[in-house]
Protein chains: 2
Amino acid sequence: MSMAGTVVAEGSGSLHQRILTDISEKITSGAWAPGHRIPFEHELSVQYNCSRMTVNKALSQLAKAGLIERRRRSGSFVRRPQSQAAVLEIHDIRIEVEALGLPYRYERVARHKRRSSAGDRALLELGVAGPVLALECGHFAGERPFAHEQRLINLTAVPEAADEEFVAIAPGPWLIGRVPWSEAEHRIRAVAADRHIAAALDIETGAPCLVVERRTWSAEHPVTHVRFTYAAESHTLVARFRPQG
Amino acid sequence: MSMAGTVVAEGSGSLHQRILTDISEKITSGAWAPGHRIPFEHELSVQYNCSRMTVNKALSQLAKAGLIERRRRSGSFVRRPQSQAAVLEIHDIRIEVEALGLPYRYERVARHKRRSSAGDRALLELGVAGPVLALECGHFAGERPFAHEQRLINLTAVPEAADEEFVAIAPGPWLIGRVPWSEAEHRIRAVAADRHIAAALDIETGAPCLVVERRTWSAEHPVTHVRFTYAAESHTLVARFRPQG
DNA sequence: CGTTTCAATATGTATATACATAATCGTCAT
DNA sequence: ATGACGATTATGTATATACATATTGAAACG
């Protein structure tokens with residue numbers, strides 16, 4: 001539009017980034033309320049002294065992030081915040097324990113290879129019967145039990161798991177890297193410890209526990225179902241909302 | 001590169017999209033394992049018969065999504081899946097209850113305006129003392145208590161809240177839309193019901209409950225802290241991992 | 001033999017341009 | 001009035017091009 005040919009090296013970040021943060025700040029601060037029509041690409045390109053393509057890239061990104069809505073011929077509009085999506089980071093248990101500054105210890109409690117029961121198939125959302133590996137493991141922080149793991153592995157999807165004892169390595173890290181998961185679902189809830197869990201976690205029967213269940217698919221095939229049970233005091237999940245990356 | 005001047009209208013989606021899905025499928029299916037060097041922009045532009053810019057846009061997007069890592073002069077590489085980020089959708093309680101097919105009822109239990117105590121300031125992460133509004137509310141599904149809400153509103157950030165009784169409308173919906181939040185943090189844990197919560201939720205003292213605490217900021221200022229307590233049976237949080245939007 | 005320097009290379013960012021597509025507005029004939 | 005139609009407009013997508021920047025590898029040098 002003006003500096004034909006030459007590229008100006010802006011002081012800090014890229015122009016793209018500056019436009020992006022400028023506008024998303026205007027929106028999250030409330031200066032531009034939901035429904036507000038933000039300037040046309042043409043106007044912004046004049047304001048920022050750049051080409052329409054640069055503005056277009058930034059606005060397209062904001063549209064994909066869900067902050068604005070774009071309508072041809074009409075312009076771009078601020079959307080009202082919809083369902084609050086928060087990002088929940090689910091780490092490996094070893095990382096969590098070591099982040100607390102405590103020594104981590106893993107222990108395999110049980111391992112059974114069997115033909116999938118109806119219950120197994122329900123947990124794995126498996127259509128047909130087939131071999132599964134059922135595992136039970138303990139994760140310790142120092143001397144205290146930190147989490148109890150109950151896992152099913154679909155041996156049809158991961159036949160190599162049948163040859164692994166899971167004594168030296170926990171199933172989680174073993175599976176990661178070996179099986180590329182394409183989808184995962186987490187269910188989080190509170191339960192009262194039954195006798196089995198109470199013994200494993202060294203708490204009272206009936207004491208509150210946090211349960212995180214994860215089901216993982218790889219290319220449409222169910223891979224594994226795992227239930228982690230934490231004693232109430234030992235664990236808090238943190239999820240952060242981020243308007244932008 | 002070849003069709004100089006003319007634009008080919010591809011059958012289905014845009015080329016950009018096709019490159020994106022092609023590559024991310026290769027990665028999530030495991031065909032390209034972590035560490036694998038994906039073809040150079042130049043090679044892909046030949047393969048897809050398009051310009052380098054188009055390939056660049058797609059690869060940049062994959063890099064931002066965290067699927068690949070790009071190194072100048074070396075190329076682009078498949079990253080190993082790291083911390084599993086899941087998207088946790090946090091809905092309005094009315095929506096959740098009505099999704100269960102039950103009638104929703106809201107009730108304000110208590111409302112106190114006061115100068116912030118040390119505890120209030122800790123919950124809000126507030127530096128200086130100032131007026132706060134403390135609310136206690138019940139959310140019901142049919143006749144049963146569904147969730148108990150304990151909320152603090154920073155009146156320095158939201159002075160209008162001082163004039164609202166919160167009898168006809170719950171604080172959550174009232175705040176949304178009025179105060180544009182720019183950041184929120186959720187903490188999720190299991191607790192045993194104390195006598196107060198047990199009475200409010202009509203459960204036994206000591207029964208397990210799921211607690212979701214949310215802290216909200218708007219442009220660096222703490223806005224509100226809310227603690228929702230659910231009886232264990234009544235509620236499960238679901239988070240889904242998504243490799244791509 | 002180790003270090004410095006420099007050219008080659010792949011990505012990063014921006015530009016101008018072209019044409020497609022969808023929505024809106026005004027005009028004109030019915 | 002009303003409906004058809006074309007002009008206008010804003011976004012959507014792709015192109016070729018230019019130059020910046022970081023990194024690697026090889027050549028030059030002490």
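Within every chain, numbering begins at 1; the chains are lettered A, B, ... in the order of the sequence lines, protein sequences first and strands thereafter.
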Check your understanding: To the nearest Å, how far apart are A:Arg37 CZ and D:dT11 P?
Key -> 8 Å
Check your understanding: Can you check the A:Glu69 CD to D:dA10 P distance for me, whole Å?
Key -> 17 Å
Review point. B:Arg71 or A:Gln17: which one's nearest nucleotide on DNA chain C is closer to the 5' end?
Key: B:Arg71
Point to revise | A:Phe77 CZ to D:dT11 P, straight-line distance once rounded to whole Å | key: 9 Å
**Study point:** Nearest-nucleotide 5' precedence on DNA chain C, A:Arg52 against B:Glu41
**Key:** B:Glu41
**Study point:** Steps toward side-chain hydrogen bond (donor to acceptor under 3.5 Å, both in side chains) verdict (B:Arg214, B:His186)
**Key:** CA-CA 5 Å; B:Arg214 179 185 326 166; B:His186 300 86; 3.2 Å; yes
Check your understanding: D:dA14, C:dA10, D:dT11: which one has an atom nearest the side-chain heavy atoms of B:Phe40?
Key -> C:dA10
Point to revise | Option among B:His139, B:Glu96, B:Arg94 that satisfies the side chain to side chain donor-acceptor pair (under 3.5 Å) test with B:Tyr104 | key: B:His139
**Study point:** Whole-Å distance separating the CG atom of A:Leu59 from the C1' atom of D:dT13
**Key:** 15 Å
Exercise for review: Name the closest nucleotide to the B:Ser51 side chain, picking from D:dT15, C:dT15, D:dT13.
Suggested key: D:dT15
Practice item. Please work out which of the three classes, parallel, tilted or perpendicular, describes the rings of A:Trp32 and A:His36, given edges at 30° and 60°. Key: parallel
Check your understanding: When the nearest nucleotide of DNA chain D is assigned to A:Met53 and to A:Ser74 on a heavy-atom basis, which residue is associated with the more 5' position?
Key -> A:Ser74
Revision key, fill the gap. Per atom distances to the B:Arg72 side chain, the nearest of C:dA14, D:dT13, C:dT11 is C:dT11
Review point. Under 4.0 Å: is that the gap between some side-chain N or O of A:Ser76 and OP1 or OP2 of D:dA10?
Key: no
Check your understanding: Taking atom CD1 of B:Ile188 and atom NE2 of A:His235, what is their separation to the nearest 0.5 Å?
Key -> 10.0 Å
Check your understanding: In whole angstrom, what separates B:Lys57's NZ from C:dT11's C1'?
Key -> 16 Å
Review point. Between B:Thr54 and D:dT15, does any side-chain N or O lie under 4.0 Å from OP1 or OP2?
Key: yes
Exercise for review: Report the distance from atom CD of B:Gln61 to atom P of C:dG12, rounded to the nearest whole Å.
Suggested key: 14 Å
**Study point:** Check: D:dG25 base within 3.5 Å donor-acceptor of B:Arg73 side chain
**Key:** no
Exercise for review: Side chain of A:Asn56 only, please: which of C:dG12, D:dT13, D:dA14 is the nearest?
Suggested key: D:dT13
Exercise for review: Walk me through it: do A:Glu41 and A:Arg52 pass the test salt bridge (charged side-chain N to carboxylate O under 4.0 Å, His left out)?
Suggested key: CA-CA 6 Å; A:Glu41 293 187 353; A:Arg52 187 173 77 89; 2.5 Å; yes
Practice item. Could you check how far NE2 of A:His16 sits from C1' of D:dA20, rounded to whole Å? Key: 17 Å
Point to revise | From D:dA18, D:dT11, C:dT15, nucleotide with atom closest to A:Arg70 side chain | key: D:dT11
Practice item. Measure from CG on A:Leu44 to C1' on D:dT11 and round the result to the nearest Å. Key: 13 Å
